[in-house]
Amino acid sequence: MKTFVIGDIHGRRAQLNALIDMLPRETAEDTLIFLGDLIDRGPDAPGVVDRVMKMCREDPVRIRCLRGNHEQMLLDFIREGAGLWLTHVTGGDQTFEQYTGNPLVIESVRDIENSRQSIKDSVPPQHIEFFDSLPLFYEDAYAFYVHAGLELGKHPEETDARFLLWARDPEFFKNYRGKPCIFGHTPTTFLPFLGRVGRHGIYMSHSAVGIDTGYNYNSPLSCLSLPDFALYQTFADGHSAMYHITSFVPEELRSMQKTAAMPAADNVAKTLDI
């Protein structure tokens, strides 16, 4: 049995469709995990949500999606008026236009409230229900799966929910040595250089593996397969690539290969209150 893990999608529906099509996943046996951040920045966030939501509902045992900080920002804006999602750097303005059909224009406090009501009325209720249902971590025999990272020395269940969604902790990136942890959130180009050498854009250091390979026209959308460390990538121009990562794999991660022959532990997914 394998686990396929897809990093931050950010509205790239065409790349997502191509990536799913290229995965050699045995649907009756293998698990597929999305690390969150389905929305914002890309050209079709609602389409990505529709695709992932449908897959999760059709096979809730073997297909799991985690909540990312971008889904959380949208929920926080709709429910509390938290304005971070509106800032251009998040890409929320593009998701706003895709759901509402209108550009986001903020020139006054009243515009913020009007925008809040508009997006609340425009996002399908099933999308909001889906975001609410998403857990903040998943665990199987191979690894922990989180959106952003772990507090050192803590199980995901003990880690603060905001840390799981938002953290960019150098100590975790450089020094995490627990059960392997696969994460997204921080583009790998911003992670320590040594962990990126020879790994086709993903990051590996001790037991930490980052697979958010960025968002721009040249950035791939990436999926890592465990325990074989096969990497699948699709690009905005339509081409794709596949690699078997055999060099520079830390010993802590090589030991994962041994778990493939062991009985699988009970899988765990949990939503934490935040």
Side-chain angles (χ1 to χ4, degrees), residues 5-12 15-16 19 33-42 45 48 66-74 84-95 136-137 143-152 154 156 159-178 180-224 226 229 231-236 241 243 245 247-250 252-253:
V5 195
I6 294 178
D8 304 33
I9 301 168
H10 285 304
R12 292 174 288 179
Q15 279 177 258
L16 174 64
L19 185 60
I33 299 171
F34 299 94
L35 293 182
D37 279 7
L38 309 182
I39 64 171
D40 298 342
R41 299 186 178 135
V48 169
L66 306 183
R67 189 187 310 183
N69 66 303
H70 283 256
E71 286 80 44
Q72 189 64 52
M73 282 190 286
L74 174 56
L84 181 59
W85 185 67
L86 298 177
T87 58
H88 180 70
V89 70
T90 70
D93 54 343
Q94 296 177 66
T95 298
L136 301 187
F137 74 88
F144 296 130
Y145 308 90
V146 300
H147 179 65
L150 291 177
E151 293 181 87
L152 292 185
K154 293 186 179 181
T159 296
D160 183 86
R162 289 172 180 80
F163 201 98
L164 294 170
L165 285 169
W166 288 96
R168 287 183 167 138
D169 180 16
E171 284 299 305
F172 169 74
F173 299 147
K174 296 178 181 179
N175 297 317
Y176 175 69
R177 288 176 166 82
C181 183
I182 318 301
F183 66 96
H185 183 58
T186 301
T188 54
T189 51
F190 297 121
L191 294 175
F193 177 73
L194 188 60
R196 294 183 277 123
V197 176
R199 297 176 176 92
H200 305 287
I202 70 169
Y203 174 84
M204 294 183 180
S205 178
H206 302 298
S207 298
V209 181
I211 64 169
D212 177 2
T213 42
Y215 180 82
N216 61 47
Y217 184 79
N218 296 315
S219 298
L221 178 59
S222 297
C223 176
L224 184 66
L226 305 177
F229 288 95
L231 179 64
Y232 305 87
Q233 296 181 325
T234 55
F235 295 79
Y243 312 93
I245 299 179
S247 301
F248 306 108
V249 178
E252 294 92 335
L253 298 174

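This structure is a prediction, so every number in the text was calculated from the model and none was measured. Numbers for residues simply follow the sequence, beginning at 1.
- Rounding to the nearest 0.5 Å places CG of Leu38 at 11.0 Å from CG of Leu74.
- The CG atom of Asp37 sits 9.0 Å away from the CG atom of Leu165 when rounded to the nearest 0.5 Å.
- The line from CG of Leu164 to NZ of Lys154 is 10.5 Å long, rounded to the nearest 0.5 Å.
- Considering all non-hydrogen atoms of both residues, Leu66 and Tyr145 come closest at CD1-O, 3.3 Å.
- The structure places CG of Leu35 at 9.0 Å from CD1 of Ile9, a figure rounded to the nearest 0.5 Å.
- Here the NE2 atom belonging to His70 is positioned 9.0 Å from the OG1 atom belonging to Thr95, to the nearest 0.5 angstrom.
- Pro187 approaches Gly214 most closely through the heavy-atom pair CB-CA, 4.1 Å.
- One distance of note links CZ of Phe248 with CZ of Arg199; it measures 7.0 Å at 0.5 Å rounding.
- When all heavy atoms of Ser205 and Lys174 are compared, the pair lying nearest together is OG-O, 3.5 Å.
- Ring geometry for Tyr243 versus His200: interplanar angle under 30°, hence parallel rather than tilted (30 to 60°).
- Using bins of under 30°, 30° to 60° and over 60° for the plane-to-plane angle, the ring pair Phe183/Phe173 lands in the parallel bin.
- Atom CG of Leu194 has 12 or fewer heavy atoms from other residues, nucleotides or ligands within 6.0 Å.
- Checking side-chain atoms of Asp8 against main-chain N and O of His185 turns up a donor-acceptor pair under 3.5 Å.
- In summary, of the residues considered (Leu19, Ile211, Asp212, Thr213), a side chain to side chain contact (heavy atoms under 4.5 Å, CB included) with Leu221 occurs for Leu19 alone.
- Looking at Arg196 and Thr188, their side chains never bring a donor and an acceptor atom within 3.5 Å of each other.
- Not one N or O on the side chain of Gln72 forms a donor-acceptor pair closer than 3.5 Å with the backbone of Arg67.
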